[in-house]
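Data first, discussion second: the structure below is written as structure tokens.
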There are 2 protein chains.
Amino acid sequence: MKTPISTLVPVTARDVARELNLSQPTVSRILSGDVRHRASEETRKRVWETAERLGYRPNAVARSLRHGRTNVIGIHTNHKYDVRNDFLGTIVGALQCACGAYHLDLMLHNSLGSPAETLFDKLRDGRIDGLILHVGTDDPLFEILGTSPLPVVTVADSLPNLPAVMCDDASGMEQLLELLWQRGHRNFAFLAPHIQLPSVERRKKAFESELKRRKVPAHARRVISINYEQASSALEELQQNSPVAVCCWNDRTAYNLLRECLQRGIRVPREIAVTGFDGFRDDQLPARELVTVNCPWENVAEKALEKLVELIDLRQKKQMPPAPEEIRLPVTILDGDTI
Amino acid sequence: MKTPISTLVPVTARDVARELNLSQPTVSRILSGDVRHRASEETRKRVWETAERLGYRPNAVARSLRHGRTNVIGIHTNHKYDVRNDFLGTIVGALQCACGAYHLDLMLHNSLGSPAETLFDKLRDGRIDGLILHVGTDDPLFEILGTSPLPVVTVADSLPNLPAVMCDDASGMEQLLELLWQRGHRNFAFLAPHIQLPSVERRKKAFESELKRRKVPAHARRVISINYEQASSALEELQQNSPVAVCCWNDRTAYNLLRECLQRGIRVPREIAVTGFDGFRDDQLPARELVTVNCPWENVAEKALEKLVELIDLRQKKQMPPAPEEIRLPVTILDGDTI
DNA sequence: TTGTAGGCGTTATCAA
DNA sequence: TTGATAACGCCTACAA
């Protein structure tokens, strides 16, 4: 059995060349599988053998420098969560899978720790070919990225002047309300987070306009602000207006609300009906089956990557990118037993 | 307001130098903040201004080539899951946070799609300074990595000749059995997956030896093989020997078992008591509170990164790494209502 | 079929 | 204080 020589220093093409009294480019040509360039069978064989024996591997950093392309894409979010978050985890997971098909690798950029400006530098220091972005409009990043040469595609939340792939939040909310309406609900509430997210704004807007269209009076379609995902603060107000159908801005909030109801003995859905949004329902757990909007986040990630690769290829050819476009993917309803 | 010039091509130090009729190295020295090298105040100012105006950012790829160091570390698993998996998600999340302190970035390597050999090439092509590894012993990778110059630390499951950081699985199982014993249980079962994982083997071994020590007869400490996390196939055997305390090899299996019990009307813990392992309990959901072993996976990730950084620094100084060491972190019990 | 020269963008060492 | 030169490892064009 052949064992590659154990070394503390990586082996270069030059090392292989020296070993055989050849020039470094000759070795490089043979090993990079250049079809046009025919070398003598004899030489090819010796080069391949020696390369394997010495454990040669082409250095990707040098390659990247030469080609002006790293085959790595980055993902960045300015929200305070890491990959353990439902949303980010799903996006990253799907990206990770999709990257395989394009022979790309994925780099996680941590806003955690470094200020935005430093991060911005890192994002365009040539280590990534493109970026998948998920940020709120409060991030200073997007202003700069709009004018930078780095190809960027945003997911879930759109930003001005950047291409975006997202879910059809408005349609999701409308479908949700239609279902609630069919089940006889006439009193509604929307639980919205304090933070501003374009996707949540769209959900809220659709909540209001759709119910207005159905002639629901203002007191029966209230919007209640909560601290991020903490539903408890809203419970008193909800109970006073029970029975009520509560549309939570995301699934986690809905689960929090369900738990609170369980603890306080509030009957679901009799007194309070609960819906989520996102489709992060965990069917494995012996809990209630949450009614929610099934958002195709995997498809969002895949589509975003597809767009990003297009942009990267264009830039490689030094062509101007097309005008930024917004893609909205259709959503469906996941029925359950909480309404 | 200064707006950086929008360009399709990145700006280099050479561009800045040309603009000012200076040499490229001079610009580089000033901008890289070399303290020893005093340049005239006048020049410094002009260089900084021009750099900002043109939107210059040092190219990290070139820097990496020069320094022989990328400040990126990789993470790889050969299991079929991506970052959405509880375990991997936690490890990656914790690494992501910990990387901030070391000014490192994290790259996800997808075994998904590319064969192991290709992956192996990628792992040592110079794009990462070190690797966090989580693989089963069936992976061909570890044989080769043992002799490669790339610093590697494994997590959760140790491999021969590689430093490892893991949880004290044996102690966790012993604590679990002690608790079950106190609560009066005398009939036990261990649900093990078909796949071979060193960590699970340790849990299984501890299950057997600890119960043997307590003089539990063989028929009251059975080991049942299941397909990965699917507990249902074991239910018949479990019911026939009820009441029984079931130690699942991980939390997900335990939750699956709980769900099956719920659906079939089997009382927990009366007929079947359930414990998990790992500490991936979701307290947010209105479900049963699983009794499980709280494994400090975040600490595992942090410790592994710490070790990896040490190895990287050593290699940078071209020193030999120390003999591989195994670090086991202590675990505790999370009590609940399922035993 | 193979070697030489040059450059990707940066940093380090020298000399001016 | 600054500039020239070389090197990191690779690839491409051209010349031999």
| note | Residues passing the ring pair (Phe, Tyr, Trp, His ring centres under 6.0 Å) test with A:Y56, sequence neighbours excluded, are none
| query | Does a distance-only test, which skips hydrogens and angles, find a donor-acceptor pair under 3.5 Å between the side chain of B:R29 and the base of D:dG3? | reply | yes
| field | Stretch residues 18-26 of chain B: residues that reach within less than 4.0 Å of DNA chain C through a heavy atom | value | B:Q24, B:P25
| field | Nucleotide of C:dT11, C:dC8, D:dC10 approaching B:S28 most closely (side-chain heavy atoms) | value | C:dT11
| task | Report yes or no: is there a donor-acceptor pair, N or O only, under 3.5 Å between the side chain of A:R66 and the base of D:dC10? | result | no
| query | Taking 4.0 angstrom as the limit, do A:K307 and A:E310 come out as a salt bridge? | reply | yes
| Separation of atom NE2 in B:H67 from atom C1' in C:dT10, rounded to whole Å | 8 Å
| message | Could you check whether B:D125 pairs with A:R63 (Lys NZ or Arg NE/NH1/NH2 to Asp/Glu carboxylate O, under 4.0 Å)? | response | no
| request: Quickly work out the B:R69 CZ to C:dT11 C1' distance and round it to whole Å. | output: 16 Å
| message | Angle between the end axes of the helix from C:dT1-D:dA16 to C:dA16-D:dT1, five pairs per end, to the nearest 10 degrees? | response | 50°
| request: Tell me whether the OP1 or OP2 atom of C:dT2 has a side-chain N or O from A:S40 closer than 4.0 Å. | output: yes
| Within this structure, what is the CG-to-P distance between A:L31 and D:dG9, rounded to whole angstrom? | 16 Å
| Would you call A:E306 and A:K303 a salt bridge, taking side-chain N to carboxylate O under 4.0 Å as the test? | yes
| remark: A:R14 atom CZ is separated from D:dC11 atom P, nearest whole Å, by 14 Å
| field | N or O in side chain of A:R63 less than 4.0 angstrom from D:dC11 OP1/OP2 | value | yes
| said: Any base atoms under 4.0 Å from A:T43, or only sugar-phosphate, or nothing? Heavy atoms, all strands. | reply: sugar-phosphate
| query | Can we say B:E41 and B:R46 salt-bridge, meaning some charged N sits less than 4.0 Å from an Asp/Glu carboxylate O? | reply | no
| said: Any carboxylate oxygen within less than 4.0 angstrom of a Lys/Arg side-chain nitrogen, looking at B:R315 and B:D129? | reply: no
